[in-house]
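Quantities reported herein were computed from a predicted structural model and do not represent experimental measurements. So that the names make sense, note that chain A is the first sequence line, chain B the second, and so on, each numbered from 1.
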Amino acid sequence: MGRVLLVGRLAARSVRRRAVESALLLLAIMAATTTLTLGLALHGVTDSPYQRTKEATAGPDVVASAGPDFVPTSDGTVVDDEGFRQPAEAAVVPADIAALEELAEESGVIAHSGPYPAIVADLEVDAVTTEVWAQGHDPDGAAVDRPELTAGRWLEAGGVVVEAAFADVLDVGVGDRLALNGDRFEVVGVAVTAAALPYTDVCFGWVCTIFTAEEVINPSSPPVPSTARRVDFESFPIPPDDAGLVWLTEEDLRGLASEQDLLSYVVNLELAEPAAAPAFVSGHAASGITTEPVLLSWQDLRDAYRELVEVRGEVLVTFSWLLAVLGLASVAVLVGGRLADQTRRVGLLKAVGGTPRLVAVVLLAEYVVLALVAAVGGLAVGWLTARLFTDPGAGLLGSAGAPSLTLATAGVVTAVALGVAMVASLVPALRAASTSTVEALADKARPPRRTPWLIALAARLPAPLLLGLRTAARRPRRMVLSTLSIVVTVSGIVTLLAARNEIAREWEGPSQLDPDAAQVDRLLLVIAVMLIALAALNAVFVTWTTALDARHSTALARALGATPRAVSTALSAAQVLPALAGAVLAIPGGLALWSALSDEAANPPLWQLLAVPPATVLVVAVLTLIPARLGGRRPTAEILQAELAR
Amino acid sequence: MSDTADTPVLRTRGLRKQYGKGEVLVRAVAGVDLDVASGETVAVMGPSGCGKSTLLHVLGGLDRPSEGEVWLDGRRIDRLGEKALARMRREAVGFVFQGFHLMDELTAVENVELSALLAGNSPRAARRRATELLERVGLADRAGFLPAALSGGQRQRVAIARALCNEPRVVLADEPTGNLDSAATLDVLRLFESLHEAGHTLVIVTHDDRIAATADRLISMRDGAFVDETRLAGGTSGKLGALAGLEG
Ligand SMILES: Nc1ncnc2c1ncn2[C@@H]1O[C@H](COP(=O)(O)OP(=O)(O)OP(=O)(O)O)[C@@H](O)[C@H]1O
Ligand SMILES: [Mg+2]
């Protein structure tokens, strides 16, 4: 009991005594825990908006669709614009409407609507041209799938209703005019539906290649036979997942097709047992005949919405590991710096009878406390800010609401926080606990090491650089850590640059039609800010601990006539040099990380890469100037006096 | 407690401690045989670098000898493990250092109760004992002060109170007045006097003749070995009178 009190008291006092350092440490670990919480919390958050929308729109339990196919009629082949070898001539096999109609008659199906014709059409509005999935629908409202209007009115001849998420991105509203395959229509309404895949499932850069190994987006999509003539999207029997959705009357829709045989058809089914929809779907597995119906359960559609948000979560989780490494570097620098202060404490504790284990516990306790606080803080902030990333778009009714915070999430986040604190402080703590008591009491802190080649190099440099390099060389471990921190940060930033660049390339449609771009931008921005903030903290830590460490020698230097400015420039230079090395190393590092994450080797533009090292150096120089000046300005007499009193 | 027990509290035989090897070999302690009886106050004097601190560290289990034997209270301690040594330090030895070595972030009373808490006493018992000791060293009204707010003499008195906290068998003091002015030195001196009178066993390393004069026995050290030993007559009474001149 007494020992617990003692450990708690020493930890609490130590935290309070070094409040600023402790706060910085807390922030460092919290950056990682917040990001991790965010990533983990974005799970299943869109389920309730989907349910709500399904109820409000009499959403189908199963959507079945069938499209036309093409069979070669000669042996000759041609190469299409995408480089695929295609038959030179092909005959159209129309969609199997009879099979769709049979589905509606099956037992367990209690209501249906359709078959409705559908086709991929070219849409033109203002200056934008893109492809859309145009689908016929009942002007009088159907038994299943009655899209809920968010504006305007339902279908009439010559009018289209635009799906809400798509309308949002197109920025069209009631009364606007648009052209479909050249025919002009007026937008009469905007509506949401639960019967379609979310608009739009673009990949988050590399994420779809590494995280969506199985195609959750379209689980029952049949493979497109390689012999099929590729008539753009028209050969797909279901809406392509990156095209928007518009509804027209059946007659208007049929008018869009050059040949009626090129139309796809859609049936919406309501089952007696909605929960049995996946079983119904797998009972009608595609036989490989491409004109047969392809089925999607409402669970598939819900999961596609879920995926939309969860992919963001996965990006966050990936980057939270980078942030954890950075946090580790910060904590390691800080613990190493504190150790110099701790030596006397350790000797004292041992002299009055503390065992090595108790000493280690005392040293670790404050980091454990900070890690726990950081875990709780990260969970809270992550949970609160998760809403920023849960927006499923305008395609569903209502907002996503509070993300879930499970025990497992809390456990993982806490474990990571503790892990970071432990890994960084365990070795120094154990080493401190096992140092000789007498030496610790005499405070023979780790004697600065001499690195001859660096010192030789420094001799050729101007005075502040020389002082700075010498200061840095005295603590090689810290120099390595601060270089590492820069490498991690700048690698992260290079990766982010590459990711943005690739997203821009991957989205083939007009860039203003990418509804996720804003979300992705926000996401990448948050991560970049976190990375930079952490690295900034690191730079400030390192400079401050170096300033403390070197206070005696700098005080002496000043007593011998060096100006405060020369001293602080030297302290700053001691950080800038490793930063430059780190930034240069980070460019290949970031590109390597990127190529590990992405199939595409789409490097960011050269000028961006070239700008990285000077920008890093500039930022580090500015950041370190403040602690360096504070360190360089402390009154000389006070420092020398303090050293004497020990 | 003032009766002299059969077994000495501290006993060393052929004690050696050396640092380094070859050309830089330093024989800090070079063959010391020492017996300190219970209740005895021993002063050790000698020029700087003769090995006084080293001896004290080895006696108190802060450091291990290179050779020779050390007994504390009849128990051989020179071969104990780290953990057993730590326990021994908190139960049987009290240290007082020239540099005070208080924890800056703990108040006076918290510093005093440190070793009581380490020994596993309940917080309440530890606090009661610490308060008692602070009263004894005349600092009851400074219990809640941080070391930074105390004078050097007051700090050293807190350190002495801490050394006494677990009723150690022996108090080892390394130049306890080395950082103090004469008024503060006198306070500390009085305190050691009262410890002596109360029957505590003390080994004090000092450069100060006045402290040495309060001892039962004065040992002179040179180059790691004892060169002279004087038994001072008449216990402790009247010493303070002789020291009164300091106050003027
Ligand atoms: N860790 C060490 N490594 C090497 N030599 C040491 C070490 N500690 C002490 N010495 C040497 O051992 C000898 C005795 O040192 P010690 O500190 O015991 O002297 P002292 O009598 O206490 O001196 P002072 O009166 O100045 O405190 C000295 O020559 C010292 O240089
Ligand atoms: Mg000494």
- List the atom of B:Lys83, the atom of A:Thr355, and the distance in Å for their closest heavy-atom pair.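 For B:Lys83 and A:Thr355, the tightest heavy-atom pair comes out as CG-CG2, 3.7 Å.
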- Main-chain N/O of A:Val352 paired to B:Arg89 side chain as donor or acceptor, under 3.5 Å: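 No; judged by distance alone, with no hydrogens or angles, the pair does not exist.
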- B:Leu85, part contacting chain A, at a heavy-atom distance under 4.5 Å: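 For B:Leu85, neither part sits under 4.5 Å from chain A.
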- In terms of heavy-atom proximity below 4.5 Å to chain A, should B:Ala116 be classed as side chain, backbone, both, or neither?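 Neither; nothing under 4.5 Å.
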Does [X] reach the side chain of [Y], with side-chain heavy atoms less than 4.5 Å apart?
{"X": "A:Lys350", "Y": "B:Leu62", "result": "no"}
{"X": "B:Glu105", "Y": "A:Arg16", "result": "no"}
{"X": "A:Leu348", "Y": "B:Arg162", "result": "yes"}

- Query: Does anything in residues 51-63 of chain B pair up under salt bridge (charged side-chain N to carboxylate O under 4.0 Å, His left out), and if so which pairs, sequence neighbours excluded?
  - Reply: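 Every pair satisfying salt bridge (charged side-chain N to carboxylate O under 4.0 Å, His left out) with a residue in residues 51-63 of chain B: B:Lys17-B:Asp63.
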- Message: Going by salt bridge (charged side-chain N to carboxylate O under 4.0 Å, His left out), name the pairs with one or both residues in residues 108-126 of chain B, residues two or more places apart or in two chains.
- Response: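 Listed once each, the pairs are A:Arg9-B:Glu110, A:Arg9-B:Glu113, A:Arg13-B:Glu110, B:Glu113-B:Arg127.
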For atom [atom1] of [X], decide whether the heavy atoms of other residues, nucleotides or ligands shown that lie under 6.0 angstrom number more than 12.
{"X": "B:Arg64", "atom1": "CZ", "value": "yes"}
{"X": "B:Asp223", "atom1": "CG", "value": "no"}
{"X": "B:Arg222", "atom1": "CZ", "value": "no"}

- Enter the distance from A:Ser14:OG to B:Leu106:CG here, rounded to the nearest 0.5 Å.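 Reported to 0.5 Å precision, the distance equals 10.0 Å.
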- Query: If you measure from CZ on B:Arg90 to CG on A:Leu349, what distance do you get to the nearest 0.5 Å?
  - Reply: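 Spacing of CZ (B:Arg90) from CG (A:Leu349) equals 11.0 Å.
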- Task: Check the pair A:Arg17, B:Asp104 against side chain to side chain contact (heavy atoms under 4.5 Å, CB included), reporting the backbone distance first and the verdict last.
- Result: CA-CA 10 Å; A:Arg17 223 163 97 86; B:Asp104 301 335; 3.7 Å; yes
- Message: Looking only at heavy atoms and a cut-off of under 4.5 Å, which of A:Pro356, A:Gly353, A:Gly354 has the most pairs with chain B?
- Response: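 Counting heavy-atom pairs under 4.5 Å, the top option is A:Gly353.
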